[in-house]
Amino acid sequence: MTDQNLAANNIADEKLLEEFVDRLIKEKNSPYVKDENRNEVKKMLLDDVADAINRKLVAQLTDKQVDELNVLLEKKVADEELNGFFKKNINNLDQIIAQALTDFRAGYLTVSYQPKKDDSDLPPPAPVNK
């Protein structure tokens, strides 16, 4: 595969993750996601999705492979080289990534946020007997 193909794959992967996150935001339809903070929420979710995928991938590696990965990370190799490392060491890479996305989606959609009650919503304090 040429460097140009690798770059195109990385751009396509990033675009797919952005579309995945956009669908999640739309599906969740949270009242806390407004036009003003949508980009910030999207960026945070993209980071969280990437972390979830990375954790799932690293969990598939042997201790020796983790050591090899750490060497690559310390060298700050290009993303293409990291992608090649995972493709070489994880046979069912696409399935593992799909499972990470499925798990992330399930977790994200099941979390519900309740608005914080202010003191005006609370009943008055109980009387104190002396």
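Every heavy atom of this structure was used, including side-chain atoms; hydrogens, water molecules and symmetry mates were not.
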Considering only heavy atoms from C-beta outward, does the side chain of Val33 approach that of Lys28 to under 4.5 Å? no
Evaluate the side chain to side chain contact (heavy atoms under 4.5 Å, CB included) criterion for residues Lys56 and Ile97: first the C-alpha distance (whole Å), next the side-chain angles of each, then the deciding distance (0.1 Å), finally the verdict. CA-CA 8 Å; Lys56 193 83 157 175; Ile97 292 172; over 6 Å; no
Just wondering, more than 12 heavy atoms not from Asp63 lying within 6.0 Å of its CG? no
The side-chain hydrogen bond (donor to acceptor under 3.5 Å, both in side chains) partners of Thr62 (sequence neighbours excluded) come to Gln65
Salt bridge or not for Glu27 and Arg105, using N-O below 4.0 Å? yes
Side chain to side chain contact (heavy atoms under 4.5 Å, CB included) with Leu101: which of Leu17, Ile96, Leu24? Leu17
Please tell me whether Phe85 and Leu73 are part of a single hydrophobic cluster in this structure, the criterion being side-chain heavy atoms less than 4.5 Å apart. yes
For residues Val77 and Leu57: do they belong to one hydrophobic cluster (side chain heavy atoms under 4.5 Å, members Ile, Leu, Val, Met, Phe, Trp, Tyr)? yes
Kindly give the heavy-atom pair with the smallest separation between Leu93 and Lys87, and that separation in Å. CD2-CG, 3.5 Å
To the nearest 0.5 Å, what is the distance between CZ on Arg38 and CD1 on Ile25? 6.5 Å
Would Val58 and Arg55 satisfy side chain to side chain contact (heavy atoms under 4.5 Å, CB included), going step by step from the backbone distance to the final call? CA-CA 5 Å; Val58 171; Arg55 282 192 308 272; over 6 Å; no
What residues, two or more places apart in sequence or in another chain, satisfy side-chain hydrogen bond (donor to acceptor under 3.5 Å, both in side chains) together with Gln99? Asp103
If you look at every heavy atom in Ala52 and Ala100, which pair is closest and at what distance? O-CB, 4.1 Å
Partners meeting side chain to side chain contact (heavy atoms under 4.5 Å, CB included) with Lys43 (sequence neighbours left out): Asp47
Counting only heavy atoms not in Glu19, do more than 12 fall under 6.0 Å of its CD? yes
I'd like to check Asp48 versus Tyr108 (side-chain heavy atoms, cut-off strictly below 4.5 Å). Are they in contact? no
Just how far is it from atom CZ of Phe20 to atom CG of Leu45, taken to the nearest 0.5 Å? 9.0 Å
Distance col, row Leu82:CG vs Lys76:NZ, nearest 0.5 angstrom, shows 12.5 Å
Would Met44 and Leu109 show up in the same hydrophobic cluster when neighbours are defined by side-chain heavy atoms closer than 4.5 Å? no
Less than 4.5 Å apart, any side-chain heavy atom of Phe86 and any of Leu61? yes
Under the side chain to side chain contact (heavy atoms under 4.5 Å, CB included) criterion, do Val71 and Lys75 qualify, and how do the steps go? CA-CA 6 Å; Val71 169; Lys75 289 181 180 178; 3.9 Å; yes
